[in-house]
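Below is one structure, written out as structure tokens, with a few remarks after it.
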Amino acid sequence: MFRVGVFGIITDDKDRVLLCHRRDFDLWNLPGGGVDPGESPCGALVREIEEETGLEAAPVHLSGVYSKPDSNEIVFSFFCRVTGGAIRLTDEADRIEYFSPDRIPRNTVPKQVERIRDFFSDRKGTHYRVQSGAGARELIRQGKL
């Protein structure tokens with residue numbers, strides 16, 4: 001059985017992407033997380049974005065489908081529009097900021113960077129990729145993030 005993850009790509013009027021800095025690790029990532037049992041991917045995405053950022057958002061376009069065979073996971077990446085709420089720090093994020101695609105922090109999860117680059121390379125398309133290699137926790141342990 002695959003685990004399913006969802007992440008939102010939210011841009012501002014300067015075409016920067018929203019990232020959250022995790023409280024548990026010195027890492028930046030897109031807002032998102034796991035789909036709970038009985039929950040739809042879009043429902044999980046809306047919930048995760050609100051929990052992590054305080055923003056209300058709606059998925060507009062499926063930007064990518066990423067298979068992670070090393071962790072038996074499938075991740076959906078959606079372009080989203082903000083529909084309400086306001087950015088606030090949360091139990092999961094101690095910083096929330098917009099970044100230019102060419103100025104993504106070095107300590108951003110590499111698989112998330114790939115998803116961001118995919119979106120900016122073709123905003124209307126849906127990307128299908130296999131993402132393999134070490135995950136964020138493994139890269140931290142190895143001192144690579």
Side-chain angles (χ1 to χ4, degrees), residues 1-85 87-88 90-140 144-145:
M1 190 69 138
F2 278 96
R3 289 180 301 161
V4 179
V6 290
F7 289 90
I9 296 173
I10 298 170
T11 58
D12 67 2
D13 58 355
K14 296 179 182 171
D15 210 27
R16 300 175 301 174
V17 64
L18 186 72
L19 295 176
C20 302
H21 185 267
R22 296 173 58 144
R23 285 190 185 271
D24 56 352
F25 296 106
D26 182 22
L27 291 176
W28 291 91
N29 58 257
L30 295 164
V35 176
D36 290 338
E39 191 174 37
S40 72
C42 288
L45 179 67
V46 168
R47 174 184 53 76
E48 286 284 351
I49 290 172
E50 196 281 325
E51 285 176 3
E52 291 184 18
T53 69
L55 295 173
E56 296 168 11
V60 173
H61 172 73
L62 178 62
S63 176
V65 178
Y66 300 88
S67 171
K68 295 168 50 179
D70 297 341
S71 60
N72 206 33
E73 185 174 8
I74 292 178
V75 174
F76 297 101
S77 179
F78 292 90
F79 172 63
C80 300
R81 293 213 190 286
V82 174
T83 59
I87 289 178
R88 64 173 164 69
T90 67
D91 291 341
E92 297 181 42
D94 59 6
R95 289 172 61 196
I96 302 168
E97 298 178 30
Y98 285 95
F99 293 93
S100 237
D102 59 346
R103 298 209 183 265
I104 301 295
R106 292 181 63 166
N107 58 332
T108 302
V109 178
K111 292 175 185 174
Q112 301 251 345
V113 173
E114 181 177 36
R115 296 172 201 156
I116 293 165
R117 287 187 179 141
D118 282 349
F119 168 75
F120 281 103
S121 75
D122 180 5
R123 295 168 191 249
K124 301 285 186 199
T126 302
H127 304 270
Y128 302 91
R129 296 198 190 281
V130 174
Q131 292 185 311
S132 59
R137 290 187 175 126
E138 178 66 21
L139 292 171
I140 290 170
K144 294 181 180 176
L145 275 182

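The figures here come from the full heavy-atom set of this structure, side chains too, leaving out hydrogens, waters and symmetry mates.
With sequence neighbours excluded, the residues forming a side chain to side chain donor-acceptor pair (under 3.5 Å) with R95 are E97, listed by chain and number. Partners of K68 according to the salt bridge (charged side-chain N to carboxylate O under 4.0 Å, His left out) rule, which considers only residues two or more places apart in sequence or in another chain, are E73. Checked against salt bridge (charged side-chain N to carboxylate O under 4.0 Å, His left out), D70 has no partners two or more places apart in sequence or in another chain. For S100, the side chain to side chain contact (heavy atoms under 4.5 Å, CB included) partners are R16, D102, R103, not counting sequence neighbours. Annotation: side chain to side chain donor-acceptor pair (under 3.5 Å) contacts of R3 (sequence neighbours excluded): none. Scanning for side chain to side chain contact (heavy atoms under 4.5 Å, CB included) contacts around I74 gives F2, V65, F76, with sequence neighbours left out. Judged as a side chain to side chain contact (heavy atoms under 4.5 Å, CB included), and not counting sequence neighbours, the contacts of E52 are C20, N29, P31, E48, E92. For D15, the salt bridge (charged side-chain N to carboxylate O under 4.0 Å, His left out) partners two or more places apart in sequence, or in a different chain, are R123.
Listed here is the closest heavy atom pair of A44 and G34: CB-O, 4.2 Å. Scanning both residues, T83 and A57, for their nearest heavy atoms gives OG1-N, 3.8 Å.
For the pair V46 and P59, the minimum side-chain heavy-atom distance is below 4.5 Å. Side-chain contact between L18 and I49 is absent, with no heavy atoms from C-beta onward closer than 4.5 Å. Looking at R115 and V75, their side chains come closer than 4.5 Å, going by heavy atoms from C-beta outward. In this structure the side chain of F78 reaches within 4.5 angstrom of the side chain of C42, judged on heavy atoms. The shortest distance between side-chain heavy atoms of Y128 and T126 falls below 4.5 Å. Side-chain atoms of T90 and T53, non-hydrogen and from C-beta on, never get closer than 4.5 Å to each other. In this structure, the side chains of L19 and I116 come closer than 4.5 Å at one or more pairs of heavy atoms.
Comment: R22 engages D24 in a salt bridge, judged by a side-chain N to carboxylate O separation of less than 4.0 angstrom.
Residue pairs meeting the ring pair (Phe, Tyr, Trp, His ring centres under 6.0 Å) criterion with at least one partner in residues 30-59, sequence neighbours excluded, do not occur; the list is empty. Counting only residues at least two apart or in different chains, side chain to side chain donor-acceptor pair (under 3.5 Å) contacts with residues 37-46 comprise E39-R47. Sorted by first and then second residue, the pairs that involve residues 28-72 and meet ring pair (Phe, Tyr, Trp, His ring centres under 6.0 Å), not counting sequence neighbours, are H21-W28, W28-F99. Pairs engaging residues 124-134 under the salt bridge (charged side-chain N to carboxylate O under 4.0 Å, His left out) rule: E114-R129, D118-R129 [sequence neighbours left out].
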Before giving the answer on side chain to side chain contact (heavy atoms under 4.5 Å, CB included), spell out for F120 and T11 the whole-Å C-alpha distance, their side-chain angles and the decisive distance to 0.1 Å.
CA-CA 10 Å; F120 281 103; T11 58; 3.9 Å; yes
Take Y98 and I87 through the test side chain to side chain contact (heavy atoms under 4.5 Å, CB included) and record every step on the way to the result.
CA-CA 11 Å; Y98 285 95; I87 289 178; 4.0 Å; yes
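The CG atom of L55 sits 10.5 Å away from atom SG of C80, with the distance rounded to the nearest 0.5 Å.
The local environment of CZ in R23 is crowded, with over 12 non-hydrogen atoms from other residues, nucleotides or ligands closer than 6.0 Å. Taking a 6.0 Å sphere around CZ of R81, one finds it holds 12 or fewer heavy atoms contributed by other residues, nucleotides or ligands.
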